[in-house]
2 protein chains.
Amino acid sequence: MNVEPRLNDIISALRGAAHRVTAAKRAVASVLVERSDHSTADEITRAVQRLRPEVSPSTVYRILEEFETLQLVVHAHVGHGATVYHLAGTVHGHLVCTNCGSTIEIPARHFDLLSGDLMKTYGFTLDRHHVAIAGLCADCAGDAATR
Amino acid sequence: MNVEPRLNDIISALRGAAHRVTAAKRAVASVLVERSDHSTADEITRAVQRLRPEVSPSTVYRILEEFETLQLVVHAHVGHGATVYHLAGTVHGHLVCTNCGSTIEIPARHFDLLSGDLMKTYGFTLDRHHVAIAGLCADCAGDAATR
DNA sequence: TTAGATGCAAAGACTTTGCGCACTT
DNA sequence: AAGTGCGCAAAGTCTTTGCATCTAA
C-alpha cells in the first residue's frame, strides 16, 4: 500500500467534480501514480497502452488537460522537448541541462528568495510548479571544462 | 547612427568566422537589430520578407541557428508558444505570464542568488540567457484577486 | 572554380479538433 | 435514457531536412 491511496484520490477528485470515471482515466491516473517522475504525453500514452492498447494519444491529451483543470496534474516546458506532466502535490522546480537533456528536480524553497524579489520588483507571481531553469548540469559543465 | 554599429558587428562576426555574408543574412541581421525585443522565427521571417520577399522560413531558421552558434543570437522558450530569438549581449531573463502571455524582461542580476545557490547545491550552471520563469503578471494576478 | 547558402517542397514532431459510436451515470 | 467521453483520422503549428540551383569568395 503506497500507490493505491493517490490513485483513489484521483478517482475521488473526479467524482467530486462530477466528472465521469472511465477506463482511460483510470489507466492514465495509475500511470501517473506509478511514475513519480516527469513524463511526456507520448511516454504516458505508451505506458497507458500497455494496460489498455485501445487508448489513443488524443484521449491522453484530453485527460491530462482535464486533470490539470482539476489541479491533479501540472505540466512544465523543459527546453526544446515536449511538454512534461506530473502529479501535482510535489511542488518543485526543474533544472534542465541544455547539453544532455537531463532534468533535476529541486525543492520549491530554492525559489523563495527569487519569488519574493520578483513580487516586490515587478508584482510578478512566480509559479513554482512550472519553473524550468536551463543551464548545464555538473557532469556536462565538467566535460566542457575538460574538453 | 544607432542601429548601424550592431549590424556591422554581425557582418564582421560572420567574416571573422569565415562564414559567407549573404543577402538573406544581412536581412535577418538588420531585422534583429531593429527589433530590440524578442521575436519568433515567424515574426522575423515576415519582417525579413518585407525587405526580401524571396527569403524562405527555412532559411531564416538556418540563419538563426548559425547566428546562435556564433553567439550573436540567443533563444528562449517562453511557455507554450514558439521559440523566441533576440540579439545576444543584452543578458536577461524572462518572466512569462501564463494567463495573458506577456513577457517581461528582467536584468540578469535577479538570478545571482539563485545561480549561486544552484551551483553550490547541485553543481548546476544556470544559463542566464535562457531563463524563462512562468507565473502571473501584476495585472493578471490583480484580476484573479478581484474576480 | 567550388564549397557553402538558398528556395522550395516535403517530412517530422508534437498537439488539437471533428465526428459518430460507446459507455458512464 | 441522456449526455459525456472515446477512438480514429485529419488538420494544425512549429521546425527540420533533402535536393537542385545559385552565389560569395
Side-chain angles (χ1 to χ4, degrees), chain A residues 10-29 31 38-70 72-73 75-85 98 101 132, chain B residues 10-29 31 38-70 72-73 75-85 96 101 132:
Chain A
I10 295 171
I11 306 299
S12 304
L14 287 172
R15 294 203 197 287
H19 287 213
R20 294 192 177 175
V21 178
T22 64
K25 291 183 193 177
R26 285 181 195 277
V28 170
V31 165
H38 313 80
S39 312
T40 62
D42 185 60
E43 291 165 343
I44 294 169
T45 299
R46 284 204 300 271
V48 164
Q49 290 179 336
R50 260 174 252 134
L51 306 172
R52 306 205 157 252
E54 76 280 7
V55 174
S56 69
S58 57
T59 299
V60 172
Y61 277 107
R62 283 189 276 232
I63 291 173
L64 288 171
E65 189 182 358
E66 176 188 357
F67 284 8
E68 287 206 71
T69 67
L70 296 176
L72 300 169
V73 161
H75 76 266
H77 303 283
V78 292
H80 285 220
T83 306
V84 296
Y85 299 83
T98 49
Chain B
I10 294 172
I11 305 300
S12 304
L14 287 173
R15 295 204 196 287
H19 286 214
R20 294 192 179 174
V21 178
T22 64
K25 291 183 192 176
R26 285 180 195 278
V28 171
V31 165
H38 312 79
S39 312
T40 62
D42 185 59
E43 292 165 343
I44 294 168
T45 299
R46 285 204 299 270
V48 164
Q49 290 180 336
R50 260 174 251 133
L51 306 173
R52 308 207 154 249
E54 77 279 9
V55 174
S56 69
S58 58
T59 299
V60 172
Y61 276 106
R62 283 190 277 231
I63 291 173
L64 287 171
E65 190 182 357
E66 177 188 357
F67 284 9
E68 287 205 70
T69 67
L70 295 176
L72 299 169
V73 160
H75 76 265
H77 304 282
V78 293
H80 285 222
T83 306
V84 297
Y85 299 82
V96 185

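Lettering of chains follows the sequences in order, A, B, ..., and the numbering in each one begins at 1.
Taking side-chain N and O atoms only, A:S56 has a distance below 4.0 Å to OP1 or OP2 of D:dG7. At least one side-chain nitrogen or oxygen of A:T83 sits closer than 4.0 Å to the OP1 or OP2 atom of C:dT15. Phosphate proximity of C:dC14 to A:T40: absent, as no side-chain N or O sits under 4.0 Å from OP1 or OP2. At C:dT6, none of the side-chain N or O atoms of B:R52 fall inside 4.0 Å of OP1 or OP2 (strictly under the cut-off). A sub-4.0 Å separation between OP1 or OP2 of C:dG7 and a side-chain N or O of B:T59 is present. Taking side-chain N and O atoms only, A:Y61 has no distance below 4.0 Å to OP1 or OP2 of C:dT16.
As rounded to whole Å, 13 Å separates atom C1' of D:dA24 from atom CD of B:E66. One can place CD1 of B:I63 at 15 Å from C1' of D:dT16, the figure rounded to the nearest angstrom. Straight-line distance from the CD atom of A:Q49 to the C1' atom of D:dC6: 13 Å, rounded to whole Å. Atom pair B:E65:CD and D:dT16:P shows a separation of 7 Å (rounding to whole Å applied). In this structure, the CZ atom of A:R26 is 9 Å from the P atom of C:dT24, given to the nearest Å. Rounded to whole Å, the distance from CG on B:L64 to P on D:dC14 is 15 Å. The separation between B:H77 atom NE2 and C:dA13 atom P is 17 Å, rounded to whole Å. One can place CG of B:L14 at 14 Å from P of D:dA24, the figure rounded to the nearest angstrom.
Among the nucleotides D:dA25, C:dT17, C:dA5, the one closest to any side-chain atom of B:V21 is D:dA25. Distances from the side chain of A:E54 to the nucleotides D:dG7, C:dG7, C:dT6 place D:dG7 closest.
For CD of B:E68, the number of neighbouring non-hydrogen atoms (other residues, nucleotides, ligands) closer than 6.0 Å is greater than 12. Annotation for A:E54: atom CD counts as buried by contact number, over 12 foreign heavy atoms lying within 6.0 Å.
Both A:A24 and B:R20 sit near DNA chain D, but only A:A24 has its closest nucleotide nearer the 5' end. Both B:Y85 and B:R15 lie near DNA chain D, and the one whose nearest nucleotide falls closer to the 5' end is B:Y85. Place B:S58 and B:H19 on DNA chain C by their nearest nucleotides, and B:H19 ends up nearer the 5' end.
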Requested in this report: For side-chain contact (heavy atoms from CB on, under 4.5 Å), just list the numbers for A:R46 and A:D42, CA-CA rounded to whole Å, side-chain angles, deciding distance to a tenth of an Å, and then say yes or no.
Outcome: CA-CA 6 Å; A:R46 284 204 300 271; A:D42 185 60; 2.3 Å; yes
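A:Q49 approaches A:S56 most closely through the heavy-atom pair NE2-CA, 4.4 Å. Scanning both residues, A:L14 and A:R20, for their nearest heavy atoms gives CD1-O, 4.4 Å.
A donor N or O paired with an acceptor N or O is found under 3.5 Å between the base of C:dG7 and the side-chain atoms of B:R62.
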